[in-house]
Amino acid sequence: MIPCYVNSGASFKNTFETGSLNPNYCGGMKTFKLRLIILLIILLSWGGTTAGALFYYSVLHRDKYLALGNRLALREGSYAAPRGRLLDRNGTPLAWTEKYFDLYLVNPQVEQVTHEVLIKEVREVVPDCEPETVDETTWLLKLNLSPLQMVGLERLLRSYPELKIRPRLERIVVDYPEIRKLIGLVVYDGEAMKGVSGVEKEYDRELAGTPGRYEVMLDRRRNWIPGTWKLLVSAAAGEDVHLKFSVDEIVGGGK
């Protein structure tokens, strides 16, 4: 043990020569050493606990917690299969499907200033953006976005989770009253088309096809994380159906 000596004033020399110890000073050193040891024990315990937890979660049970995290972030979805075409006897298209993409503002915030700022930014990419109220929680900002507009909106979609681009399928029919009556109507529920009258209903099973399925990871704002989209099941396109009448027979009333 290192001896403790009094080192103050004129008595320093005598104390050094005699080797007499200062009890108060030695007691303070002992207290300091005890506190230092306790602090080291606490730090070592904390470090050991942290290292053990790190080893437990990142090595022993890594796969388990990765799978749990993926389940929380992964979402599955479906996408519509291309609906088959309706053709006349000669192969002339009578009805077919076209796909469009529309821009919506979903669950908009209450503050009008926020709306104005957001829409102003949207108009920098989509100049003809004119908001229309769809319902209490949805505004339609633009129908039929172009590919360039969708690319230009990418930054805003990341910054404003309430902005959504939604696909829309539209059934196109040759513009003759007789053909429209024969073809009938379809309804689109946001995922698939279903024939409800005419030939569309009669051959709905053949035309419908089978929807595909996918999974994707979402960020904290519920937006898709780029590069995480994965196809699970490919969509099976609907069949083209050939009718037994020609366009001339349908229009001329010969069918």
Side-chain angles (χ1 to χ4, degrees), residues 69-70 72-83 85 93 95-175 180 183 185-196 200 208-209 211-232 234-235 237-238:
N70 286 339
L72 294 175
L74 279 176
R75 290 293 182 272
E76 288 193 11
S78 63
Y79 64 97
R83 188 173 178 85
R85 299 176 300 168
W96 62 94
T97 303
E98 293 184 357
K99 191 172 188 177
Y100 302 96
F101 294 91
D102 306 327
L103 181 63
Y104 288 89
L105 179 61
V106 181
N107 295 321
Q109 301 178 20
V110 176
E111 297 84 355
Q112 187 64 30
V113 175
T114 303
H115 294 163
E116 293 175 355
V117 171
L118 193 156
I119 292 172
K120 181 179 179 181
E121 291 192 51
V122 170
R123 282 180 175 148
E124 293 178 1
V125 181
V126 186
D128 57 344
C129 167
E130 294 296 337
E132 296 180 13
T133 302
V134 177
D135 53 43
E136 294 180 356
T137 62
T138 307
W139 290 2
L140 172 63
L141 302 185
K142 178 69 171 70
L143 286 171
N144 305 340
L145 291 170
S146 69
L148 287 178
Q149 288 173 335
M150 288 191 285
V151 172
L153 287 168
E154 184 177 355
R155 179 187 63 82
L156 293 179
L157 292 170
R158 291 197 302 266
S159 302
Y160 299 99
E162 56 268 36
L163 278 179
K164 304 290 183 184
I165 293 179
R166 293 177 174 175
R168 173 173 51 87
L169 298 178
E170 187 172 320
R171 196 67 166 169
I172 308 299
V173 180
V174 173
D175 196 16
R180 288 186 173 278
I183 297 300
L185 300 175
V186 298
V187 293
Y188 178 53
D189 61 5
E191 292 187 0
M193 285 184 169
K194 181 177 179 61
V196 294
E200 293 279 12
R213 296 199 62 78
Y214 65 87
E215 68 177 13
V216 67
M217 294 188 72
L218 306 180
D219 61 18
R220 61 188 180 88
R221 292 182 172 180
R222 317 306 294 170
N223 293 322
W224 288 12
I225 298 176
T228 63
W229 191 92
K230 179 182 178 182
L231 179 65
L232 299 178
S234 297

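Throughout, numbering of the chain's residues begins at 1 and tracks the sequence.
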Item to check | side-chain contact (heavy atoms from CB on, under 4.5 Å) assessment of Leu141 paired with Leu163 | outcome: CA-CA 9 Å; Leu141 302 185; Leu163 278 179; 3.6 Å; yes
Next on the checklist: I want to check something: taking the side chain as every heavy atom from C-beta on, are Met150 and Ile165 in contact at a cut-off of under 4.5 Å?
Outcome noted: yes
Checklist outcome for this item: When every non-hydrogen atom of Thr228 is compared with those of Met217, the smallest separation belongs to OG1-N, 3.2 Å
Checklist entry - Side chain of Tyr79, backbone of Ala235: donor and acceptor closer than 3.5 Å? => result yes
Checklist outcome for this item: residues 143-154 vs salt bridge (charged side-chain N to carboxylate O under 4.0 Å, His left out), sequence neighbours excluded, gives Glu154-Arg158
Next on the checklist: Quick one, Arg213 with Leu231, criterion side-chain contact (heavy atoms from CB on, under 4.5 Å). Give me CA distance, side-chain angles, the key distance, then yes/no.
Outcome noted: CA-CA 6 Å; Arg213 296 199 62 78; Leu231 179 65; over 6 Å; no
Item to check | N-O pairing of Asp102 and Arg168 below 4.0 Å | outcome: yes
Next on the checklist: For a side-chain contact (heavy atoms from CB on, under 4.5 Å) check, start with the C-alpha distance between Val186 and Arg83, then their side-chain angles and the critical distance, and finish with the verdict.
Outcome noted: CA-CA 11 Å; Val186 298; Arg83 188 173 178 85; 4.1 Å; yes
Next on the checklist: Minimum heavy-atom separation for Thr137 and Asp135, please, with both atom names.
Outcome noted: N-OD1, 2.9 Å
Checklist outcome for this item: dist Ile119:CD1 -> Leu105:CG (nearest 0.5 Å) comes out at 6.5 Å
Item to check | Residue pair Leu156 / Leu118, side-chain heavy-atom distance below 4.5 Å | outcome: no
Checklist entry - Got a salt bridge between Arg75 and Glu215, using NZ or NE/NH1/NH2 to carboxylate O under 4.0 Å? => result no
Item to check | Leu232 side, atom CG; Glu76 side, atom CD - distance, nearest 0.5 Å | outcome: 5.0 Å
Checklist entry - What distance separates Ile183 CD1 from Ile172 CD1, expressed to the nearest 0.5 Å? => result 13.0 Å
Next on the checklist: Please find the pair of heavy atoms, one from Trp96 and one from Val174, that lie closest to each other, and give the distance.
Outcome noted: CZ3-CG2, 4.1 Å
Checklist entry - Just by distance, do the side chain of Lys164 and the backbone of Pro161 share a donor-acceptor pair under 3.5 Å? => result yes
Item to check | Under 3.5 Å donor-acceptor, Ser159 side chain and Arg155 backbone | outcome: yes
Checklist entry - Can you pull the salt bridge (charged side-chain N to carboxylate O under 4.0 Å, His left out) pairs that have at least one residue in residues 141-153, sequence neighbours excluded? => result Asp128-Lys142
Checklist entry - Under 3.5 Å, is there a donor-acceptor pair between the Arg171 and Thr97 side chains? => result yes
Checklist entry - Run the side chain to side chain donor-acceptor pair (under 3.5 Å) check on Glu162 and Tyr104 step by step: do they pass? => result CA-CA 8 Å; Glu162 56 268 36; Tyr104 288 89; over 6 Å; no
Checklist outcome for this item: Heavy-atom nearest pair, Tyr160 first then Glu121, reads OH-OE2, 2.7 Å
Checklist entry - Mind checking what makes ring pair (Phe, Tyr, Trp, His ring centres under 6.0 Å) contact with Tyr214, not counting sequence neighbours? => result Trp224, Trp229
Next on the checklist: To the nearest 0.5 Å, what is the distance between CG on Leu185 and CD on Glu200?
Outcome noted: 8.5 Å
Item to check | Inter-residue atom distance Glu124.CD - Leu153.CG, 0.5 Å rounding | outcome: 11.0 Å
Next on the checklist: So, taking the atom named OH in Tyr100 and the one named CG in Leu169, what distance separates them when rounded to the nearest 0.5 Å?
Outcome noted: 10.5 Å
Next on the checklist: Can you give me the closest heavy-atom contact between Ala208 and Ala81, atom names plus distance?
Outcome noted: O-CB, 3.9 Å
Checklist entry - Are the side chains of Val126 and Leu145 in touch, meaning some heavy atoms are under 4.5 Å apart? => result yes
Checklist entry - With a 4.5 Å heavy-atom cut-off, do Val106 and Arg166 have their side chains touching? => result yes
Checklist entry - Looking just at side-chain N and O atoms, do Tyr188 and Glu170 make a donor-acceptor pair shorter than 3.5 Å? => result no
Item to check | Salt bridge present between Glu130 and Arg123 (N-O < 4.0 angstrom) | outcome: yes
